> 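Could you have a look at this structure, given as structure tokens, before my questions?
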Amino acid sequence: MEQGSAREGVRPAYAPGAFSRAPGDGRMPECRVPEQARGEQAGVERAGGRPADGERVMGEHTHSEPPAPRVVQRHSVRGQILDALRAALVDGELVPGQVYSAPALGARFGVSATPVREAMQRLAVEGAVEVVPNRGFRVSERGPRELAELAEVRALIEVPVMMGLARTVPAHRWCGLRPLAEATVTAAAVGDRAAYAESDRAFHRAVLMLSGNEQLVAVADELHRRSQWPLMSGPATRRADLLADASEHTALLDALVSQDLAVVQALVREHFAGADR
């Protein structure tokens, strides 16, 4: 699950570097609700009650020349640039410690410096970059300790929520999350770190949204995003690591559908234990 925008929708065509990659073909078995769970759900409906889900369930670019500019649509330019910059952070194309100017990045994206500067200021608020007066923005440098601290806080929030949902959410609701788990496998199969980051966060958001607590979802998602930024040193996330991470999503869904609480607990705790590596 971790690295160290799911952004909804298609990644911007003008994003930096080699952002256009062919999708993989990660297919998974059809999700089947156990016979017992289907029978229990049907019994509730025949009795006129509501199903369980109706109950409150729980300066310049310093190390490379910008490529030829590309034209982008003018509406929501800042949002598109913000998405592209977040993808470049996860991909490691924006290098920790390096300083980037808004005009240079604007030329890279084929837009003026203004939306780039606004997007970078948003990233500064999030802690991804630091403002360097009269030069631009420096990509923040993070160490293993910060990553471990983020993983610990995320576990404190998400593990108890997931365990509560495992006891109350019916199997067919978990089956509805199967396409999101498949998306993580597809991105991992081609080693697309930015696409994996997006789909990973989308999967976690969907799980936590079943709690009905929007504030919890927002806080957990922001912590998750920060945990995906690259470290100041160390190797990039390998394709094999992404595949192993994605497989935990599918295994977790299988355990949730079968309501195997012991397996769910083991998978969730292992998942966050590995988030600081």
Side-chain angles (χ1 to χ4, degrees), residues 1-32 80 83-95 147 150-151 154 158 162 173-209 220-221 223-231 234-258 260 263-264 266-277:
M1 289 185 191
E2 313 311 323
Q3 301 178 67
S5 84
R7 303 184 308 278
E8 293 76 13
V10 180
R11 297 171 64 192
Y14 58 83
F19 272 31
S20 56
R21 301 185 178 97
D25 184 20
R27 298 181 178 275
M28 301 194 307
E30 178 184 358
C31 182
R32 298 181 180 278
Q80 295 178 60
D83 285 346
L85 290 172
R86 283 172 171 163
L89 280 169
V90 173
D91 265 340
E93 294 186 26
L94 295 181
V95 181
L147 187 62
L150 285 168
R154 288 188 60 212
E158 296 192 40
M162 287 188 180
R173 294 289 296 276
W174 295 119
C175 284
L177 304 187
R178 184 69 69 179
L180 295 176
E182 291 176 347
T184 67
V185 174
T186 298
V190 295
D192 190 333
R193 287 176 289 170
Y196 186 82
E198 297 167 14
S199 57
D200 181 26
R201 286 178 43 239
F203 176 79
H204 276 259
R205 280 198 307 271
V207 171
L208 296 177
M209 284 174 64
D221 188 55
L223 290 170
H224 196 167
R225 185 199 304 280
R226 291 174 59 189
S227 74
Q228 294 172 332
W229 298 336
L231 297 176
T237 306
R238 301 176 303 168
R239 176 174 171 272
D241 295 330
L242 296 180
L243 285 169
D245 220 42
S247 69
E248 293 181 359
H249 295 153
T250 61
L252 177 60
L253 275 186
D254 290 341
L256 289 166
V257 169
S258 62
D260 191 334
V263 173
V264 170
L267 285 171
V268 170
R269 293 191 181 281
E270 173 61 24
H271 199 61
F272 285 101
D276 59 352
R277 297 196 292 267

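Note that the structure is predicted; figures quoted are calculated from it, not measured.
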> So which heavy atom on His249 is nearest to which on Ala181, and how close?
CB-CB, 4.3 Å
> How close do Ala255 and Val264 get, heavy atom to heavy atom, and via which atoms?
CB-CG2, 3.6 Å
> Could you go through Asp254 and Arg178, starting from their C-alpha distance and side-chain angles, then the distance that decides it, and tell me whether this counts as salt bridge (charged side-chain N to carboxylate O under 4.0 Å, His left out)?
CA-CA 9 Å; Asp254 290 341; Arg178 184 69 69 179; 2.9 Å; yes
> Within this structure, what is the CZ-CG distance for the pair Arg201 and Leu208, rounded to the nearest 0.5 Å?
12.0 Å
> Hey, what's the ring geometry for His224 with His204, parallel, tilted or perpendicular (30° and 60° as the breaks)?
perpendicular
> In Å and rounded to the nearest 0.5 Å, what is the CG to CZ distance from Leu223 to Arg154?
7.5 Å
> Locate the shortest heavy-atom distance separating Arg239 from Ala189; write the atom from each residue and the value.
NE-O, 2.6 Å
> Taking side chain to side chain contact (heavy atoms under 4.5 Å, CB included) as the test, write out the residues that go with Ala206, two or more places apart.
Leu177, Leu180
> Nearest 0.5 angstrom please: Leu150 CG to Trp229 CH2, how far?
8.5 Å
> Charged N to carboxylate O under 4.0 angstrom, Arg86 versus Asp91?
no
> Taking all non-hydrogen atoms of both residues into account, name the closest pair between Tyr196 and Ala246 and its distance.
OH-N, 3.3 Å
> Show the nearest heavy-atom pair for residues Val90 and Arg193, with the distance to one decimal.
CG1-O, 3.6 Å
> Starting at CG of Leu267, measure out to OG1 of Thr250 and round the result to the nearest 0.5 Å.
9.0 Å
> Starting at CZ of Phe203, measure out to CD of Glu248 and round the result to the nearest 0.5 Å.
10.5 Å
> Measuring from Leu252:CG to Met162:CE, what's the distance to the nearest 0.5 Å?
6.5 Å
